[in-house]
Amino acid sequence: MGKIWRISGPLVIADDMKGSQVYEIVEIGDEGLVGEIIGLEGNKAIIQAHEDTLGLKTGEVVRGTGRILSAELGPGLVGSIYDGLQKSLLTLAENTGSFIKRGAKALALSRDKKWQFTPKVKVGDAVSEGDIIGTVPETNLIEHRIMVPVGTKGIVKEIRTGDYTVEEPIARVEHDGEVKELTLMQEWPVRKPRPYKQRLDPSGLLTTGMRILDYMFPLALGGKASIPGGFGTGKTVALQQLARWAQTHLNIYVGCGERGNEMADVLYSFRKLKEPNTGRLLQEKEIFIANTSNMPVVAREASIFVGITMAEYFRDMGYDVLLVADSTSRWAEAMREMGGRLEEMPGEEGFPSYLGSRLSSFYERAGMVECLGSPERKGSVTVAGAVSPPGADFSEPVTQNTIRIIDALYALDVSLANKRHFPAISWLTSYSLYVDAVKDWWEKVDPGWDNTRATALRILQQEAELEEIVRLVGPEALPEDDKLLLLTARMIREDFLQQSAYHEVDTYCVPAKAGLMLKTIIKFYELAQDMLSSGAGIEEVRSSPIVYRISRMKEIPNDTFEQKAKELWSEMEKGLVARKGGIS
Amino acid sequence: MNISSLYVKEGRAINKAKGALIIAESIPGIKFNEIVDVQLSSGEIKTGQAIDISEEATIIQVFGGVSEVDLIGSKVRCKGETLKLPVSIDILGRIFNGMGEPIDGAPLIIPEDYLDINGRPINPASRQPPAEFIETGISAIDGLNALVRGQKLPIFSGSGLPHNRIAAQIIRQAIVKGKEEKFALVFGAIGISYDDASFFIRNLERTGALEKTVAFINTASDPVIERISTPRLALTAAAYLAWKQDMHVLVVLTDMTNYCEALRELSSMREEIPSRRGYPGYMYTDLATMYERAGRIFGKEGSVTIMPILTMPDDDITHPIPDLTGYITEGQIVLSRTLERKGIYPPIDVFLSLSRMMKEGIGPGKTREDHNNVFMQSYAAYSEGCYLREISTIIGAEALGERDKIYLANADEFEKKFISQGEFEKRKVEDTLDIAWRLFSALPEEDLKLISEKFIKRYLPKYSRKT
């Protein structure tokens, strides 16, 4: 047991700490604040406090716990709300009221709740790390697969069936005469990536229901994406939409240093919204981590790693998991603050020089893998992190270091947001390197996908070029076919890319509908081009009722869309006709 | 602060005094971040804060600098307490300074409790999503950037813009409703001029709201350190009134730019590594710990709504102060110098302004069923008009097509009829929406794509007049 020697903000130095190890968790002071040793020097331990140190005194006790920062993994995770250190916030609210008291404890998993365990192995079977020994129906959407912990193997001596808490033994495994008891719960140190058999390339579309993502800049399962944007550009809404509708088995939402009211909104809406395919409540496939901006700074780093560790655990069961983190900039700021207190040599803008490597150590834990153990299975972790660049200036260190690691960039544009074009993802600066990884997937859903996509992007690029001319000579001075191009680009922007997160139908657009919508606009463009070349004027095209009909496509429900689109196409072919004997 | 009578510890040996820092020998029992007294040889007392304590030394930041501190006769006295605010329901109607001491000539209050001015974070799982519309009577806010209870919505202004008048109008119209009994206003003045502070106090007096107000005033001539405690005192008072007394509290803090300047000043005196433009790297977290005290809580009647006012240095919205604020608050009301020059009051820039909580607070049963549609269509039409205005400055309005001319004219009308209103004019939200509908009449009907057809039939003047 040591005692406090120095306090400077979240930095605490304790004396008489011989025998401690780096990254060991300690309890600081009379209130028992959680801290983590980040360095040792003789008898002194350098500790980062995960809770507010206001009012601490020198001489107060510091207790080592002998364990390093770990996450509890087992049934009960899904649907839970945790703080950055995996304390259950609902338990805290029950025990200490609506305000968070520092030093208050709350375990991640309930020790009383019984779970129904069904074994998948028999006595006498040989098992090793990662093998699935049984299942627990955790929610209606998630079957929790109980795995042999990493580092354990042997012959099953006993396996039980029935209702157990997470601490009661459900199996005994013998290896070299040593018997180990297995429980439903295991622990894993959060800073260490969980092992797998083999890393695979990201493949297959992570369907998000957002047209600009799915169709234009697809995200693959096991991929990593970043969403940078100034304030008010809709980062949070975009991430919430991802966490809501992404067609994965499980989503983890990490609110890291962000707004409390928005977190409340997320929690509240997920208790009401239904998963589109199964009709079950979204919270049955969701884990929340809420470390809002007024909660302790240092715990922001922990919150990100706790989140990714839980994601890997479910990946290891053979699931596709999406983790969204809002916002990684706040985490980087926490690193900067700690670095300053430790008097480290600062890098760019005061951030520590290891900013890039820390960011990579998080993003690189995304990926598709072949999981350890039997039966053979594949799982994936996809990561999407928001970045909040100061002054919406993407040249700042956090954005730049992030862009170097990720493979899909969704750049949010302030001027689009000011025009209330949402999602304000810029089609000119965003990119996805997963286009090839999802090509096969798209070809089955929407043949000719890459062609349609390329055509649309080309039209938008041409619009940007024409826009420069329009600013000089005015829209009326352009030739007719350029005016048509502008009209089409506008339709792509407003009637396809713009999508309302709050419209009951438009909030989630199935890929097939997205494909058909864009094809309709391109078809319109082709027919209108014929009209123009046969001598019709642009006004004739613009005033066609078809234009209005196309603008209302978004509101047509997913299931009836194909039928409605067919009707629209036949009307289009009748309505937009080239004049007979025109100049061709 | 009046628990200062019991000094518990005293440190005599000061080893170093430089800039704003004193390094004294370790003082047993001193708490991290506590406020201490530094007594000079002359007997004069300065205030300081323990910013780094260890068994070897205590580092004290002295507010107002270390002038006249000597290493022999000066001493440090500490109370073993962090800053606390004495509270009771009697704080209503009172005016305090930036240390929580009354400055209105009335006696001290009899405290029911002493509250730590830093508060404790609200458990995110206990927060109730804000959803109650606050009618401010200002069209540009109610119609396009609605404020809801529990929100934190700042006003981003510039020097010389009428932010004080707008804030006063909001206070007058939104809060003094009469039927709403359990409301309170907490006013925090941070480093503003005496004139500005008395403008607010007079305004409150005139409307009879002063008795439901708690004011904390730190004027430009008061100590800089008190700028750090003033907003925290105000928010602590607000938290007490909202969560203990079940009141709906609106907190107006002006001018937060002065707060941030004070933070920078103190940080550089502490020789901390600066972040952008010399502001400390923790400014985001520091502001967030205050603004996040806004909200609603399940099972509690009251609410805390925060409206900070800040002046953007050089009207630059990317300056660290408005920038970090915008990342914390749920939107912003931005004032525009261009509109101000056109003589439009309130000069609210509706493109840069935003209320993130708006969608929860509007709609049937709260404002009116067509509100969201009207809001979207108004933006689209005004945005198109402004774009055309920009083009027409180069190519001339004559070169525009007929349809474009309609939109151009509509943008001017929108500014004159919708955004502009009297300083003492209180518009009901229905009136605001009806003004928007009258403006829509000038547009081609098939262009109203963002409004559902049933609302067009119900509210567009040419149909609604018939019924």
Side-chain angles (χ1 to χ4, degrees), chain A residues 5-8 13 15 53-59 81 89-90 92-93 98-102 231-232 255 257 259-265 267-268 290 292-295 297 330 333 336-337 340 346 349-350 388 390-393 418-420 470-477 502 548 551-552, chain B residues 26 28-34 52-55 82 118 120-130 150-151 272-276 281-282 284-285 288-289 292 295 297 300 318 320 323 326-328 330-331 351-352 354 356-357 359-360 376 379-380 383 391 394-395 399-401 404 446 449:
Chain A
W5 187 81
R6 177 182 165 200
I7 307 151
S8 171
I13 297 182
D15 207 353
T53 54
L54 185 102
L56 277 185
K57 295 193 293 284
T58 53
I81 308 163
L89 286 172
L90 289 170
L92 274 186
S98 314
F99 294 88
I100 294 175
K101 194 167 171 275
R102 59 182 194 177
F231 67 83
R259 302 178 182 88
N261 277 335
E262 273 174 3
M263 203 64 222
D265 194 36
L267 297 176
Y268 186 75
T292 51
S293 55
N294 54 338
M295 286 159 80
V297 174
R330 305 299 163 224
E333 280 165 15
R336 174 166 67 186
E337 184 169 351
E349 289 196 19
S388 320
D393 171 12
N418 288 348
K419 284 183 215 143
R420 301 302 190 262
V470 168
R471 282 176 186 279
L472 293 176
V473 300
E476 295 302 315
Y502 307 115
Y548 181 77
S551 76
R552 296 273 172 179
Chain B
S26 151
I30 193 168
K31 287 188 169 172
F32 177 63
N33 257 359
E34 85 162 273
D52 192 325
I53 61 175
S54 77
E55 298 272 344
T82 51
N118 292 294
R120 290 191 341 213
I122 301 175
N123 186 330
S126 304
R127 276 184 188 267
Q128 192 178 355
Q151 188 175 8
E272 291 168 339
I273 297 169
S275 170
R276 273 202 313 156
Y282 51 79
Y284 171 85
T285 305
T289 49
E292 280 293 331
I297 294 178
K300 296 207 191 266
T318 66
D323 189 53
Y327 275 119
I328 300 162
E330 285 125 4
F351 295 121
L352 295 179
L354 166 76
R356 291 165 192 268
M357 301 267 120
K359 64 179 197 310
E360 317 296 335
M376 306 240 291
Y379 260 111
S383 152
I391 292 184
I394 303 167
I395 60 165
L400 294 177
D404 290 351
E446 66 271 15
K449 285 190 211 170

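Numbers restart at 1 for each chain; the letters A, B, ... are given by sequence-line order, proteins then strands. Every value quoted in this text rests on a predicted model; they were computed, and no experiment measured them.
Y282(B) places no side-chain N or O within donor-acceptor distance of the main-chain N or O of V297(A), the cut-off being under 3.5 Å. Not a single donor-acceptor pair under 3.5 Å links the side chain of R259(A) to the backbone N or O of E292(B). Between the side chain of N123(B) and the main chain of L89(A), a donor-acceptor pair closer than 3.5 Å is present. R127(B) places no side-chain N or O within donor-acceptor distance of the main-chain N or O of D265(A), the cut-off being under 3.5 Å. Here the side chain of D52(B) pairs no donor or acceptor atom with the backbone of S8(A) at under 3.5 angstrom. Listed for the E55(B) side chain is no donor-acceptor partner under 3.5 Å among the backbone atoms of T58(A).
No other option in P129(B), P320(B), S383(B) has as many heavy-atom pairs under 4.5 Å with chain A as P129(B). The most heavy-atom pairs under 4.5 Å with chain B, out of L472(A), L56(A), N261(A), I81(A), come from N261(A). Interface summary for chain B: among G350(A), G474(A), S388(A), A290(A), the most heavy-atom pairs under 4.5 angstrom belong to S388(A). Contacts with chain B were tallied for G340(A), A477(A), G232(A), G59(A); G232(A) has the most, counting heavy-atom pairs under 4.5 Å. Chosen from A264(A), P346(A), A392(A), P390(A), the residue pairing most often with chain B at heavy-atom distances under 4.5 Å is P390(A). For the options G255(A), G55(A), A93(A), heavy-atom pairs under 4.5 Å to chain B are most numerous at G55(A). No other option in G281(B), G295(B), G331(B) has as many heavy-atom pairs under 4.5 Å with chain A as G281(B). No other option in S98(A), S551(A), P475(A) has as many heavy-atom pairs under 4.5 Å with chain B as S98(A). Taking chain A as the reference chain and counting heavy-atom pairs below 4.5 Å, the highest number among D404(B), T285(B), L400(B), I391(B) is found for T285(B). In terms of non-hydrogen atom pairs under 4.5 Å with chain A, the most contact-rich of I328(B), I30(B), T318(B) is I328(B).
Residue I273(B) touches chain A through its side chain alone, counting heavy-atom pairs closer than 4.5 Å. Heavy atoms of Y327(B) lying under 4.5 Å from chain A belong to its backbone as well as its side chain. Both the backbone and the side chain of R120(B) come within contact range of chain A, with heavy atoms under 4.5 Å apart. Both the backbone and the side chain of I100(A) come within less than 4.5 Å of a heavy atom in chain B. Looking at I53(B), both its backbone and its side chain come within 4.5 Å of chain A, counting heavy atoms on both sides. In this structure, chain A has a heavy atom under 4.5 Å from the side chain of K359(B), while its backbone stays farther away. Using a 4.5 Å cut-off between heavy atoms, Q151(B) contacts chain A through its backbone alone, with no side-chain atom that close. Heavy atoms closer than 4.5 Å to chain B are found nowhere in R102(A), neither backbone nor side chain. With a 4.5 angstrom heavy-atom cutoff, I297(B) touches chain A only via side-chain atoms. With a 4.5 angstrom heavy-atom cutoff, E330(B) touches chain A via backbone and side-chain atoms both. Of the two parts of M376(B), neither the backbone nor the side chain holds a non-hydrogen atom closer than 4.5 Å to a non-hydrogen atom of chain A. Proximity to chain A involves both the backbone and the side chain of S54(B), based on heavy atoms less than 4.5 angstrom apart. Looking at L92(A), both its backbone and its side chain come within 4.5 Å of chain B, counting heavy atoms on both sides. Looking at R471(A), both its backbone and its side chain come within 4.5 Å of chain B, counting heavy atoms on both sides.
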Mind running side chain to side chain contact (heavy atoms under 4.5 Å, CB included) on N118(B) and L54(A) for me, showing each step along the way?
CA-CA 9 Å; N118(B) 292 294; L54(A) 185 102; 3.8 Å; yes
Tell me, with the steps shown, if F231(A) and R356(B) meet side chain to side chain contact (heavy atoms under 4.5 Å, CB included).
CA-CA 11 Å; F231(A) 67 83; R356(B) 291 165 192 268; 4.2 Å; yes
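At a cut-off of 3.5 Å, with distance as the only test, a side-chain donor of R336(A) or S275(B) sits close to an acceptor on the other residue.
Distance check: M357(B) CE to E262(A) CD gives 5.5 Å after rounding to the nearest 0.5 Å.
The shortest non-hydrogen separation linking A288(B) to N294(A) is O-CB, 4.0 Å. Minimum interatomic distance between E476(A) and A399(B) (heavy atoms only, all atoms of both residues): CG-O, 3.3 Å.
For F351(B), the CZ atom counts as densely surrounded, since its 6.0 Å shell holds more than 12 non-hydrogen atoms of other residues, nucleotides or ligands.
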